[in-house]
There are 2 protein chains.
Amino acid sequence: MPAPTPAPSASPVRRRAGRPTAAILDQDGITTAALELISSKGYDGLTMAALARTLGVAPSALYNHVSSKDDVLVLLEDHLAAMVDVSAFGSEPWEEAVRKWAWSYRDVFSEHTPLIPIIAVLPVANAPKTLAMYEAVTAGFRDAGFPEEKIISAIVAIEAFVFGAAYDVTAPADIFDAGTLADQVPNFTAAVDRLALEQHERPTDVAFSLGLEALITGFGALRG
Amino acid sequence: MPAPTPAPSASPVRRRAGRPTAAILDQDGITTAALELISSKGYDGLTMAALARTLGVAPSALYNHVSSKDDVLVLLEDHLAAMVDVSAFGSEPWEEAVRKWAWSYRDVFSEHTPLIPIIAVLPVANAPKTLAMYEAVTAGFRDAGFPEEKIISAIVAIEAFVFGAAYDVTAPADIFDAGTLADQVPNFTAAVDRLALEQHERPTDVAFSLGLEALITGFGALRG
DNA sequence: ACCAATAAATGAATGGCATTCATTTATATC
DNA sequence: GATATAAATGAATGCCATTCATTTATTGGT
């Protein structure tokens, strides 16, 4: 069996310092490599050293293209925002568009919860694709007759729910097992058992659906 | 002016190694010291070394009482859960009880967002006070006529919203300023401007109220 | 065609961090 | 009184992000 052709990005070639013919690194390449690394080693494996190794460069070289590791996380966040499905706004009824948007938003970020603290406080001016998502959603709300002064608040509320629910997806299945304390919390234990008994969908999906439909119904009533 | 009596916890006395008359450290003391440290230096200042310094011990001494820094965060989380107001369950109408619980929950954790990734996936068996909160809320839902098999899902949904909203509180005021990209996102920019114009409450509070009332209304309809 | 400025890489620090471990010793237990 | 144990010390360890002086190929100006 012949050795597989090594990926150019992982080339172990000892390069000399100095300006190369073409730049090896750029923000897109860093983003892609970071995504690969995360999918193979998880966020614990995402270190500047590991990222550099994936790209076949010295760690310090990264700092010519990003100002910090947080900057890498912002690049990731913006990349992922572009994967959120806003296509139903403008082509489907408002309720269904919101539903698709929220589910897809949750699904994308449930695999990337370490980015949530970043995105939740990130000024949109630093994240063009994220901003594009907001534009599409805002237009969808406006066209559906939503009063303009309430659009941002409604989006922020749905987003808050989405981020919290994204964490929920990653929780262990037995998170609500009270263990030895079970007899001290009878109502809670009974409710947990009852859910397990009568519900065969993923509990996290049931909760998300329940909350999202309440938000859609409640906000839908605001439309003129 | 006489020198103030130094807090025993901050005593700089050079202690000899070995078992003291009474243990200096325990989990309560560690929790209290961690809260002090956070309120003075923030979560960035919460290091095992700084925590040990606050308590007047060597960093390694902490590991006789907690197994890791994450363990400290769990102690903090559980301490804070006990500060969440569940008192209205049983004494006030369900809607009002949920409202008070959710606002208080959000307010407590908005000052402690670095704990959210911990609590969101923390098995309740490791957090007795958190469990007690769930018990009170569950009983409140049951007594209000909520179908038992939906109680946990509803709580999980509200909690997701609360956690997301807690992050939102910490966001910078100009988070939605699109800057130079403003002309590329006209609908979004218009909606942001309109909100700023017509709304004088804290935007984060407006969004929280909007979402929470929708959830309360939606879930209220599930009661028998 | 040269020359200066620049972009983009290297690799060797640096300082901070959580955590581990061998050691010490006062107290509690048999 | 001997022994085991709990709870402290302080010195390592290894990982991490980040900085800095240095190198050098390319670009743009004269």
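Letters A, B, ... are given to chains in the order of the sequence lines, protein chains preceding strands, and every chain is numbered from 1. Just so you know, these numbers use all the heavy atoms, side chains as well, and skip hydrogens, waters and symmetry mates.
A/N64 contributes a side-chain N or O that forms a donor-acceptor pair with the base of C/dA9 under 3.5 Å.
Taking the six-membered ring for Trp and the full ring otherwise, the centers of A/Y167 and A/F163 sit at least 6.0 Å from each other.
The aromatic rings of B/F176 and A/Y134 lie perpendicular to each other, with more than 60° between the two planes, well past the 30° mark.
Looking at the side chain of A/S60, the nearest of the listed nucleotides C/dA9, C/dG11, C/dT19 is C/dG11.
A side-chain donor-acceptor contact under 3.5 Å links A/D78 to the backbone of A/T130.
Taking atom CZ on A/R53 and atom P on D/dA17, their separation rounds to 13 Å, with Å as the unit. Rounding to whole angstrom units, CG of residue B/L73 and C1' of C/dA18 are separated by 12 Å. If you measure from atom NZ of A/K69 to atom C1' of D/dA17, you get 8 Å, rounded to the nearest angstrom. What separates CG of A/L62 from C1' of D/dC20 is a distance of 16 Å, to the nearest Å. Rounding to whole angstrom units, CG of residue A/D70 and P of D/dC16 are separated by 16 Å. In this structure, CE of B/M48 is placed 21 Å from P of D/dT13, rounded to the nearest angstrom. Atom OH of A/Y63 is separated from atom P of C/dA12 by 18 Å (rounded to the nearest Å). Whole-Å rounding puts the A/L25 CG to C/dA9 C1' distance at 8 Å.
Checking the phosphate oxygens (OP1, OP2) of D/dA6, no side-chain nitrogen or oxygen of B/H65 falls inside 4.0 Å.
Residue contacts shown for B/T47 are limited to sugar-phosphate atoms, with no base heavy atom under 4.0 Å away.
Contact annotation: the side chain of A/I175 approaches that of A/P172 to within less than 4.5 Å [non-hydrogen atoms, C-beta and beyond].
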